[in-house]
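Working notes, structure below.
The structure displayed is predicted, hence computed values, not measured ones. In what follows, every chain begins at residue 1, and chains take the letters A, B, ... in the order their sequences are listed. Any value given below was found using the heavy atoms of this structure, including those in side chains, with hydrogens, waters and symmetry copies removed.
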Number of protein chains: 2
Amino acid sequence: MNTRLPDPFKTAIDSLDDFADLISQVLKCPITIEDSNHRLLAYSTHDERTDPARISTIIGRRVPEKVINQLWKEGTIPALLKTKEPIHVKSMDDIGLSHRVAISIWKDEEVLGFIWALEIDKLLNEEDFNLLKKAANTAKNKLLQLQTRKNKKEERFQEFFWKLLTGHIEDREEIMEHFQTMQITPASSFAVLVFQFQKNITDKDEQNISYILKTTQRIQIMLYTIDCNQLILLVSGTNMENPLNEINHFVQTFMSKTMERYGVMDISPAYSGIYDNYQKISKAYKETLAVLSIKEKFPLETKTIHNYTKLGIYQLFDLLLEKRKNETYENPSLKMLEEYDQKHNSNLVETLEIFLTKDNNINDTAKELNVHANTLNYRLKRIAEIGEVDFKDPNQKMLLYLDLKLKKYQGI
Amino acid sequence: MNTRLPDPFKTAIDSLDDFADLISQVLKCPITIEDSNHRLLAYSTHDERTDPARISTIIGRRVPEKVINQLWKEGTIPALLKTKEPIHVKSMDDIGLSHRVAISIWKDEEVLGFIWALEIDKLLNEEDFNLLKKAANTAKNKLLQLQTRKNKKEERFQEFFWKLLTGHIEDREEIMEHFQTMQITPASSFAVLVFQFQKNITDKDEQNISYILKTTQRIQIMLYTIDCNQLILLVSGTNMENPLNEINHFVQTFMSKTMERYGVMDISPAYSGIYDNYQKISKAYKETLAVLSIKEKFPLETKTIHNYTKLGIYQLFDLLLEKRKNETYENPSLKMLEEYDQKHNSNLVETLEIFLTKDNNINDTAKELNVHANTLNYRLKRIAEIGEVDFKDPNQKMLLYLDLKLKKYQGI
DNA sequence: GAACATTTTGTGAAAATCCCCAAAAACATT
DNA sequence: AATGTTTTTGGGGATTTTCACAAAATGTTC
């Protein structure tokens, strides 16, 4: 501590709130203390002067997502995660943020939280900065205590969540009791959501993920855990109207944020249908795994599908693959078309596949194949002749589509 | 034998051909002897005068199908199956048949065969008729011998066929050897064909069936057997070009003949795909059973389908039913639509089903539902909204179609 | 029964699809 | 090289489909 003044924070601190008041007294400005996920830990009360951002932070017990996003974009948070020095933040009227100084609280190389000092009356000088650094140092210990207490809680969460995912708690009452003990209020409906990463998720990744999840408000995350390269969440939309849309939106923002902030690419998201019965969590989890499994097998055709209910016929592919594996079946139409393709090196099979994939739309298919619509028509006529396919019969077409896709996978 | 003349046929007969010559000598006209299925057993050679129908009978070793059909329609054969008296048949130029007399050969209440006498030079008188009756009586014993010999052969056929159907002979060589021993020349490709009757097939039915099968020439019937209410055939088209068409045609004629001649109704036909590997007979048999099973479950939608390859997606229904039975899955779109239907007693689900069944054709669906095309459009828009169905996505539509049909069956 | 929402039907114009023909190109066969 | 077959592309007109809008009918709610 290379400073001329004695450390005014070297006193016993009872609660973190008292400590916030203490800093506030010393620096003569409103103080807010957050954890690393921008959850409110404590705030000074002696002072009534404040700004809208602080008010909503205190009311919501967390920094509004809008504000966090802005602070990321504008560079404040990235800076705080790099340096141990206090940082000036200029006022941003559009999000109700006035001038302030922030400092991060460090333990070794990890940020435990932040202290915010509002520059309502006066701007802080260098001496104040030194005081703030001392305050941060003292806050560290208090935060560490909270951390360990939280870690234990986390562990209990984890255990509970895995029991739910694997269907080890079947009784409805028991599930609800657990939720209560954990002080989680289960939403009326939920979905299981999995993000599959390219590589196994490291501790560092976990921190980043946790950070994003904790700062998300659009969606309620009741439980989450990590399994190798999968991040597994139990979520529910905050608004009842269209939960799937909310989840989808969250997935998009989650992916873009991990991408922008941490440069993590190629995450495969997958989520189950919406359920209201918490006994079906394990089923929902299986659904998401099914989605991921299919997405691995048919990456192109399921590129835009993340949701089990939107898998459509692909829901049944695992089953069908299994069946086809155990028999020597071959679709006669496909066989004939393939033989023709071979002999005349044409591409009737490909044409047929795209045509069926494009929902029998001539124009779309022709565009995809880069041929004239009339060419496509001619080919379809030939396909009907050679493959003995009746394009008016949905039963035949569906089986053809399925066999086509199954063969495609088996062929790989 | 209430006749004035001594019986000229009470001599030892060596072969049936000699017997035919003997009758020919006595009656002074060409004689042909057939079994009950109009297969040629013997014919007189002393005489060169004959008609085209007899020539083709001798050459093909059976009466041409065309002629048999005509004799049925015109009433000759039905009459022969009723009376033991000789019957005059007037000439039918269009099928090359000149004047003749026919008599059936009886054993108790069963017809073993027929004797035909051509009236080339002279018309037979009453005395000739009496001689013919005596000849028929004598022929009986000879035919009985043939019968028993044939029955033993039949039994071996049966055993072999069942081994093939149940997959008990797997070795290719062995199968071919058996065919040779049975003096059957296996066609290059085959199909298994099953007719399922309403009731168990009686001995009487069996005779009728056998009669129809033996007199069929459009298709080669290599083996056949009867199992409770099923007639099982191993067939192949005589012409290579389009075997399925030939089988289909045979099925039609078989059913109309059993209907017209014996009044047997409501036969469900089913046949496998065309195979060229005789080791796959048991698979082909399973296919036909699958067709019958599906036809029982979905009689309306599979009314016109008899062929496994034409089952399309229905091929997979057994499997899917099994899967759905073991889980609590419910298609969310369907569920929502059903709920809406219930509440507003509308019929969106029915509309959707017919629309999908009619291959997404607005006009056909509207006609089927007896509504205006715009009404249908409006409903589809509502279905898309309420059921969150994307009509541009074939995957979703297919699953919807499947779940619709599966539910329909489960609901019954 | 009035007010309102939902559903059905009709109309007509724009858009698309379908169908027939023919020319050109590509390919196969001899 | 000559010939015939298959495939691709284009044009253009008949037909169908799609879509928006409006009126009428029906159903719901208070």
Side-chain angles (χ1 to χ4, degrees), chain A residues 240-242 333-394 396-397 400-401 404, chain B residues 240-242 333-394 396-397 400-401 404:
Chain A
M240 283 303 84
E241 213 24 64
N242 205 327
S333 299
L334 266 189
K335 195 180 169 187
M336 290 185 277
L337 291 175
E338 267 163 10
E339 276 166 8
Y340 192 89
D341 273 356
Q342 197 94 48
K343 247 187 213 161
H344 302 79
N345 60 298
S346 49
N347 45 357
L348 298 185
V349 174
E350 188 200 1
T351 303
L352 178 61
E353 187 193 340
I354 297 182
F355 180 67
L356 293 175
T357 307
K358 293 278 176 187
D359 196 35
N360 305 339
N361 186 309
I362 300 262
N363 266 330
D364 289 358
T365 311
K367 245 175 234 164
E368 176 90 14
L369 285 167
N370 293 318
V371 296
H372 197 275
N374 282 356
T375 307
L376 180 58
N377 264 318
Y378 172 77
R379 285 197 197 161
L380 291 174
K381 212 176 287 172
R382 296 289 286 147
I383 289 171
E385 288 168 17
I386 295 164
E388 291 168 25
V389 178
D390 179 2
F391 279 104
K392 292 275 170 67
D393 182 350
Q396 280 185 52
K397 279 195 297 187
L400 211 47
Y401 179 83
L404 218 51
Chain B
M240 283 302 86
E241 213 23 65
N242 205 328
S333 299
L334 267 188
K335 196 181 170 188
M336 291 186 277
L337 291 174
E338 267 163 8
E339 277 166 8
Y340 192 90
D341 273 356
Q342 196 93 48
K343 249 187 210 161
H344 302 79
N345 61 297
S346 48
N347 44 358
L348 298 185
V349 175
E350 188 201 2
T351 303
L352 178 60
E353 187 194 339
I354 297 181
F355 179 67
L356 293 176
T357 307
K358 293 279 176 186
D359 196 36
N360 304 340
N361 185 312
I362 301 262
N363 267 331
D364 289 359
T365 312
K367 247 176 233 162
E368 175 90 14
L369 285 166
N370 292 318
V371 296
H372 195 277
N374 281 357
T375 306
L376 180 58
N377 264 318
Y378 171 75
R379 285 197 197 162
L380 291 174
K381 213 177 285 171
R382 295 290 286 145
I383 289 170
E385 287 168 17
I386 295 164
E388 291 168 24
V389 179
D390 179 2
F391 280 105
K392 293 275 170 66
D393 182 349
Q396 279 186 53
K397 281 195 296 188
L400 212 47
Y401 179 83
L404 218 52

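In this structure, A:Lys392 atom NZ and C:dC18 atom C1' are separated by 11 Å, rounded to whole Å. As a whole-Å value, the separation of B:Leu380 CG from C:dT8 P is 11 Å. If you measure from atom CG of B:Asn345 to atom P of C:dT6, you get 15 Å, rounded to the nearest angstrom.
In terms of the side-chain hydrogen bond (donor to acceptor under 3.5 Å, both in side chains) criterion, residue partners of B:Asn347 (sequence neighbours excluded) are, by chain and number, B:Glu350. Not counting sequence neighbours, the partners of A:Asp359 by the salt bridge (Lys or Arg N to Asp or Glu O under 4.0 Å) test are B:Lys397. By the salt bridge (Lys or Arg N to Asp or Glu O under 4.0 Å) test, A:Glu385 pairs with A:Arg382, sequence neighbours left out. Qualifying salt bridge (Lys or Arg N to Asp or Glu O under 4.0 Å) partners for A:Glu339, counting only residues two or more places apart in sequence or in other chains: none.
Looking at B:Ile362 and B:Leu380, their side chains come closer than 4.5 Å, going by heavy atoms from C-beta outward. Put simply, the side chain of A:Leu352 does not reach to within 4.5 Å of the side chain of A:Tyr401, judged on heavy atoms.
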Walk me through it: do A:Glu368 and A:Thr357 pass the test side chain to side chain contact (heavy atoms under 4.5 Å, CB included)?
-> CA-CA 11 Å; A:Glu368 176 90 14; A:Thr357 307; over 6 Å; no
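Distance check, rounded to the nearest 0.5 Å: CG of A:Leu334 to CG of A:Leu404 gives 5.0 Å.
End-to-end axis angle of the helix from C:dG1-D:dC30 to C:dT30-D:dA1, using five pairs per end and rounding to 10°, comes to 50°.
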For nucleotides 7-21 of chain D, just jot down a letter per nucleotide in 5' to 3' order: B, S or -, based on protein non-hydrogen atoms under 4.0 Å.
-> BBBBB-----SSBB-
